Number of protein chains: 2
Amino acid sequence: MSDTSAPPAASEGADQRMPTIRDIAERAGVATSTVSRALSNPQRVNARTRERIEKIAAELNYVPSTQARGLSSGRTGAIAVLVPDVTNPFYFDIIRGTQNQLKAAGYTQLLVDTEEATDVELDALRRLRRTSDGIILAASRLTDAQLAEVAGRQPLVTINRATADAPTVLIDTPGAMVQALEHLASLGHTKVTYVGGPTSSWSTHRRWQAIQEAASRRNIEVTRIGPYAPKTLSGAAAADAALGTGATAFIAFNDLIAIGMLQRFRERGVRVPEDVSIVGCDDIFGADFCNPPLTTISSPIEQAGRTAVSMLLAQLDPLYGGTPRKLAVMPTHLQVRASTGPAKLA
Amino acid sequence: MSDTSAPPAASEGADQRMPTIRDIAERAGVATSTVSRALSNPQRVNARTRERIEKIAAELNYVPSTQARGLSSGRTGAIAVLVPDVTNPFYFDIIRGTQNQLKAAGYTQLLVDTEEATDVELDALRRLRRTSDGIILAASRLTDAQLAEVAGRQPLVTINRATADAPTVLIDTPGAMVQALEHLASLGHTKVTYVGGPTSSWSTHRRWQAIQEAASRRNIEVTRIGPYAPKTLSGAAAADAALGTGATAFIAFNDLIAIGMLQRFRERGVRVPEDVSIVGCDDIFGADFCNPPLTTISSPIEQAGRTAVSMLLAQLDPLYGGTPRKLAVMPTHLQVRASTGPAKLA
DNA sequence: CAACTTTTGGCAATCGCTTGCCGGTGTGTT
DNA sequence: AACACACCGGCAAGCGATTGCCAAAAGTTG
């Protein structure tokens, strides 16, 4: 127990040099290449040597350098997740989903907030080209052309933004719009207003389309207001404008806006659901305990995140899962709570 | 316009090799070291050459490799932010704060969810030693000894977890507990129950202490129940237990639990604030629109995140800001809303 | 104009790990 | 006994930057 090297490095206590595969190799009396293989390609090395190496690695409390590994292997072990706004609860479930799945697969998650801005998104995408192995892009604000270019450069999966150039996870909110409309119709509403989200949002257009279609087949008159930023604060303006349309029921782009409207209506003494009905979208945290609890469109958002990761991983490593899917559609359903009720007779 | 190299690499359209400083150096007719300096140490190189190099870099759409840079310079350009639960709205604001400040300083944020588990936290910390330049640790579950060890190994700032071994950002919720108690006392409450958070949470102990102290100086009898997980779901059990204490007012570890209690009381027909009063903590998203709106302890959480980043940056780079502070305390105040009211006469 | 200082840019050694290639052993097949 | 073929481990060449050291060029000074 005193033949090998290991200088007594113990110093002040702060930052001693970290062990590298070289240190392990020396201790084990093998080449660094063997250590490398033992640690990241186990079946390529004899079981006994591997165990010995692993033991030493553990003793030294060895942690491989992602940097060096990435530099030489070309892979970074990181996946970037881009969302328009980290404080929007909707994305938190997505993030939670991607986080879990990525961790399980041994990847690191790089969270990026694109601030609902196209240029920030593009810039992030640009620098991430080098930093990450792939990208999950939620609710992208990019144009089709931009998206195509990005998809051509790096592995990509989009969420709530269909494109032919990359696999996509869609949350079928448009499908649920039909349910929402039927629900409102059966409550006697004949005039419905859609409170639209940001112009650059792909989802808001799809939802509006779905609503128009569904309405034309029923006896419902629909109008649209907006755009509104997807924040509770925008809800106030939206509520005021909504009242001006003369409609008795409103479908909001998302729950944030819907909740903001709820608050504003309360301020103005408009009763929900007695005077007007509101339907939200996403069933975010808070939708169940606001006042009144919000009727909204619910879906397995966290699973959408997980699915996106699976699709991306399949793209990166063809052996990963079965046939790589190009499209996954998350089911949705109308979660009826107390913000919708019978239409008020004129 | 045809003298230099640049083989027509245009191929299928997918992943051509990315430009490196070598490519730029060749094009510019200088050494790679010059390019490196021109790009990351501008004043070290002649203005004209620098401009030329910058121009070429832009043309080539050059993006430096963080990996290579990190490998040779020792810095990674990334800061890790560890939170116990990414879906807890309290951390939304912290994350938003760190995100902003880090981006402004040119750092990448690595978000890690430690799942309220000590071992996950330790493990993440271990591997992050190599991956990040510094760490922001929110509401750590570590023991003092563990924390000290971690702090000895890597630059660290804690949030809501004081330790002598690292700079800390504290949100003065204990201070606000006094306000809360005074508020309740003035409403005639004489029996108050504290609904405690996780045992491993440092904050819950401090709050309880503050409450006990404040209560002993007034004419209030306080009891404590718990521990409860900081989720709305735990609120139901907490509500039931709280009722059993015979107290007329409850102070919850955080808003999540408080909101859960609100829901449970509603189910059981206990009226808030007529029958019992509830005070939450954190003033998270949702506290203002739940039913009834929650009286809670409010503070500039996002700023806490920003401050933590500043303190960490000061630690990494002494020239960054003035004297590195070891402690920052965020002010708090009681945000009175509708969940507290006069004590019900026995 | 010589001696000296400051700028500026090049050389080459790293950083820590991966991986293509090669050769030495051990086992299995005729 | 001879040949083929896994299996295993070593060698060494990178990956793409940074940076200490050095020398040529340019600027200063008396």
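Treat the numbers as computed from the prediction; the structure is a model and nothing was measured. Every chain is numbered from 1, with letters handed out A, B, ... down the list of sequences.
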In sequence, state the C-alpha distance, the side-chain angles, and the governing distance for B/Lys55 and B/Glu51, and then conclude on salt bridge (charged side-chain N to carboxylate O under 4.0 Å, His left out).
CA-CA 6 Å; B/Lys55 184 156 160 289; B/Glu51 275 162 22; over 6 Å; no

Go nucleotide by nucleotide along DNA chain C from the 5' end; which of A/Thr32 and B/Thr49 gets its closest nucleotide reached first?
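It is B/Thr49, whose closest nucleotide lies nearer the 5' terminus.
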
5'-most by nearest nucleotide on DNA chain C - B/Arg44 or B/Leu71
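Residue closer to the 5' terminus by nearest nucleotide: B/Arg44.
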
Could you tell me whether [X] contacts a base, only the sugar-phosphate backbone, or nothing, with contacts defined as non-hydrogen atoms closer than 4.0 Å?
X       : value
B/Thr20 : sugar-phosphate
A/Ser40 : sugar-phosphate
A/Ser33 : base
B/Arg37 : base
B/Ser65 : sugar-phosphate
A/Arg48 : nothing

May I have the distance from [X] (atom [atom1]) to [N] (atom [atom2]), rounded to whole angstrom?
X        : N      : atom1 : atom2 : answer
A/Gln43  : D/dC8  : CD    : P     : 10 Å
B/Ile24  : C/dG10 : CD1   : P     : 14 Å
A/Arg75  : C/dT18 : CZ    : P     : 9 Å
B/Glu26  : D/dG16 : CD    : P     : 13 Å
B/Glu51  : C/dT8  : CD    : C1'   : 16 Å
B/Gln67  : D/dT18 : CD    : C1'   : 15 Å
B/Leu39  : D/dT19 : CG    : C1'   : 15 Å
B/Arg130 : C/dG16 : CZ    : C1'   : 7 Å

Could you give me the CA-CA distance, side-chain angles and deciding distance for A/Glu121 and A/Thr118, then say whether side-chain hydrogen bond (donor to acceptor under 3.5 Å, both in side chains) is met?
CA-CA 5 Å; A/Glu121 191 174 335; A/Thr118 310; 5.6 Å; no

Under 3.5 Å, is there a donor on one side chain and an acceptor on the other for [X] and [Y]?
X        : Y       : value
A/Arg96  : B/Thr87 : yes
B/Thr131 : A/Thr66 : yes
B/Asn61  : B/Glu59 : no

Return no unless some side-chain N or O of A/Ser73 is found under 4.0 Å from OP1 or OP2 of C/dC17.
no

At under 4.0 Å, does any side-chain N or O of A/Arg22 touch on OP1 or OP2 of C/dT14?
no

Among [options], which nucleotide has an atom closest to any side-chain atom of [X]?
X       : options                : answer
B/Ile21 : D/dA17, C/dC15, D/dT19 : D/dA17
B/Ala68 : D/dG16, D/dT18, C/dT19 : D/dG16
A/Ser72 : D/dG9, D/dC15, C/dG10  : D/dC15

Rounded to the nearest 0.5 Å, the CG atom of A/Leu316 sits from the CD atom of A/Gln154 at a distance of 11.0 Å

Axis-to-axis angle across the helix from C/dC1-D/dG30 to C/dT30-D/dA1, five pairs an end, to 10 degrees?
30°

Could you check A/Val30 against B/Val35 and say which one's nearest nucleotide on DNA chain D is further toward the 5' end?
A/Val30

Carboxylate-amine/guanidinium contact B/Asp113 A/Lys103, below 4.0 Å
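Looking at B/Asp113 and A/Lys103, the cut-off is not met.
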
Is it true that, when you exclude A/Arg127 itself, more than 12 heavy atoms of the residues, nucleotides or ligands shown sit nearer than 6.0 Å to its CZ?
no

